[in-house]
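Right, one structure below, let's go through it.
These numbers come from the heavy atoms of this one structure, side chains and all, not from hydrogens, waters or symmetry mates. What you are looking at is a predicted structure, and each value in this text was computed from that prediction instead of being measured. Heads up: numbering here begins at 1 and tracks the sequence.
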Amino acid sequence: MAATAQQSPPSVGGKRKGKSQFLPAKRARRCDAGGPRQLEPGLQGILITCNMNERKCVEEAYSLLNEYGDDMYGPEKFIDKDQQPSGSEGEDDDAEAALKKEVGDIKASTEKRLRRFQSVESGANNVVFIRTLGIEPEKLVHHILQDMYKTKKKKTRVILRMLPVSGTCKAFLEDMKKYAETFLEPWFKAPNKGTFQIVYKSRNNSHMNREEVIKELAGIVGSLNSENKVDLTNPEYTVVVEIIKAVCCLSVVKDYVLFRKYNLQEVVKSAKDSRPPPKLGNGKEAQLEPGSKLSQNDPPKGKNNQQAAPESSEELGQTVPGSETQAGSEGGAKPEPESQGSEGPKTKELSLVL
């Protein structure tokens with residue numbers, strides 16, 4: 001519907017009043033390849049926070065993801081329009097069946113034009129969401145951080161954190177409970193088990209209750225296997241809950257503490273610039289080894305157990321916009337104010353473990 005304008009008649013003094021404009025409501029934009037252009041339930045991808053420059057963040061994300069994506073999955077293959085499937089040339093007496101075939105052909109051709117990585121609107125300032133297709137986001141992001149942790153080679157300037165999103169659903173408690181019951185099974189359902197913590201953050205959302213979400217998700221993890229235990233210092237798995245407006249993004253990641261909460265700026269720092277790696281119960285430093293799992297019960301010494309992200313610390317029980325804490329049993333390390341930028345207004349972040 002085109003925008004219409006209504007002009008008022010000129011006044012007695014000869015001056016004309018401004019036009020009254022009637023604009024259509026905004027609709028969800030879609031990219032030329034046919035994919036969604038905004039974050040919505042059903043997507044997989046990578047949630048990236050940046051320091052004020054979102055356009056530069058998208059450029060860095062494409063460069064980094066394509067580099068490691070080609071390394072893990074091979075070069076991206078493109079299909080020419082001439083090679084895309086076309087509808088049946090013969091006439092079909094059944095008009096309904098012919099229409100269904102045409103719709104199916106359009107959907108098939110659209111899927112072949114989708115890129116491996118596509119930026120979509122996240123719904124929050126200083127946050128970029130990259131929709132992925134045909135890859136496993138948690139494995140790709142872990143591979144990136146593992147390589148940067150070992151080489152200590154800085155590859156980004158404005159990207160702060162890079163969090164995989166393995167699943168999305170509506171940000172309502174009942175929808176989240178129903179979705180999480182099946183989503184968490186690959187990691188926590190018997191015979192699988194492990195130590196875990198829950199990290200919660202909300203942006204531009206005021207109807208979700210932090211305590212209720214944490215309680216319900218922890219209950220689901222415990223019901224899948226009674227041997228799943230909480231570990232505040234260095235858990236095997238970290239359940240990441242990121243809520244933006246009416247969409248809940250979920251993922252389960254490894255080495256969350258070792259990789260400085262998946263912060264690309266902090267993970268490349270040497271021991272001089274950042275605190276030493278967490279120590280195990282025998283006093284030895286935790287080292288990343290292929291196929292190894294880190295588990296410890298002793299809290300790390302020092303307070304610098306957080307990555308450089310645009311957040312500030314808070315005590316347990318308080319809620320401060322744009323802040324992150326880790327709550328639980330005694331011995332948990334208190335967070336320290338982050339050093340870089342701001343991830344935007346109207347944010348709440350709490351790293352909580354029950």
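- Put simply, the side chain of Leu224 reaches to within 4.5 Å of the side chain of Glu185, judged on heavy atoms.
- Taking the six-membered ring where the residue is Trp, Phe183 and Tyr179 present parallel rings, their angle staying beneath 30° rather than reaching 60°.
- Looking only at distances, a side-chain donor or acceptor of Asn204 sits under 3.5 Å from a matching main-chain atom of Gly123.
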Evaluation steps, side chain to side chain contact (heavy atoms under 4.5 Å, CB included), between Gln265 and Lys154: CA-CA 7 Å; Gln265 304 298 324; Lys154 187 175 181 179; 2.9 Å; yes
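- Between Tyr62 atom OH and Gln118 atom CD the span is 4.5 Å, to the nearest 0.5 Å.
- A salt bridge between Arg260 and Glu266 is absent, with no side-chain N of the basic residue lying under 4.0 Å from a carboxylate O of the acidic one.
- Taking every heavy atom of both residues into account, Gln197 and Asp231 meet most closely at CB-O, 4.0 Å.
- Using a 4.5 Å heavy-atom cutoff, the side chains of Tyr73 and Glu136 are in contact.
- When atom types are taken as modelled, the side chain of Gln44 and the backbone of Ser166 share a donor-acceptor pair closer than 3.5 angstrom.
- Counting heavy atoms from C-beta on, the side chains of Ile46 and Met162 come closer than 4.5 Å.
- The two residues Val165 and Cys249 have their closest heavy-atom pair at CG1-CB, 3.6 Å.
- Ion pairing between Glu76 and Arg115 holds under the 4.0 Å rule for side-chain N and carboxylate O.
- In this structure, the side chain of Asn225 does not engage the main chain of Lys189 through any donor-acceptor pair within 3.5 Å.
- Although no hydrogens or angles enter the test, the distance criterion places a donor-acceptor pair under 3.5 Å between the side chain of Thr168 and the main chain of Gly42.
- Under the 4.5 Å side-chain criterion, counting only non-hydrogen atoms from C-beta, Thr49 is in contact with Arg203.
- Ionic pairing of Lys215 and Glu212 is not present here: no N-O contact between side-chain nitrogen and carboxylate oxygen is shorter than 4.0 angstrom.
- In this structure the side chain of Phe188 reaches within 4.5 angstrom of the side chain of Tyr237, judged on heavy atoms.
- Heavy-atom contacts from other residues, nucleotides or ligands closer than 6.0 Å to NZ of Lys170 number 12 or fewer.
- The minimum heavy-atom distance between Gln38 and Leu43, with the atom names listed, is O-CD1, 3.9 Å.
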Verdict with supporting geometry, Thr238 and Tyr262, side chain to side chain contact (heavy atoms under 4.5 Å, CB included): CA-CA 11 Å; Thr238 297; Tyr262 279 45; over 6 Å; no
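- For the pair Ile159/Cys50, no side-chain contact is recorded, criterion being any heavy-atom separation below 4.5 Å from C-beta on.
- A side-chain hydrogen bond (donor to acceptor under 3.5 Å, both in side chains) with Arg116 is found for one member of Asp70, Thr132, Asn66 and no other, namely Asp70.
- In this structure, the side chain of His142 does not engage the main chain of Pro164 through any donor-acceptor pair within 3.5 Å.
- A cation-pi arrangement is absent between Lys254 and Tyr256, since the terminal nitrogen or guanidinium carbon is not both under 6.0 Å from the aromatic centre and inside a 45° cone about the axis.
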CA sep, side-chain torsions, deciding dist, call: Val240, Glu242, side chain to side chain contact (heavy atoms under 4.5 Å, CB included): CA-CA 6 Å; Val240 179; Glu242 293 275 345; 3.9 Å; yes
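- Side chains of Met176 and Glu216 form no contact here, defined as non-hydrogen atoms less than 4.5 Å apart.
- In terms of heavy-atom proximity, Asn192 sits nearest to Pro186 at ND2-O, 3.1 Å.
- Annotation for Tyr68 and His143: closest pair CD2-CD2, 3.5 Å, computed over non-hydrogen atoms.
- Within the 4.5 Å cutoff, side-chain heavy atoms of Ile144 are placed close to those of Leu65.
- The backbone N or O of Val221 lies less than 3.5 Å from a partner atom in the side chain of Asn228, making a donor-acceptor pair.
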Intermediate values then yes/no, side chain to side chain contact (heavy atoms under 4.5 Å, CB included), Tyr200 and Ile243: CA-CA 8 Å; Tyr200 175 92; Ile243 295 178; 3.7 Å; yes
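- The minimum heavy-atom distance linking Phe259 with Gln146 is given by the pair CZ-CA, 3.7 Å.
- Taken to the nearest 0.5 Å, the CZ atom of Arg131 stands 10.0 Å off from the CZ atom of Arg37.
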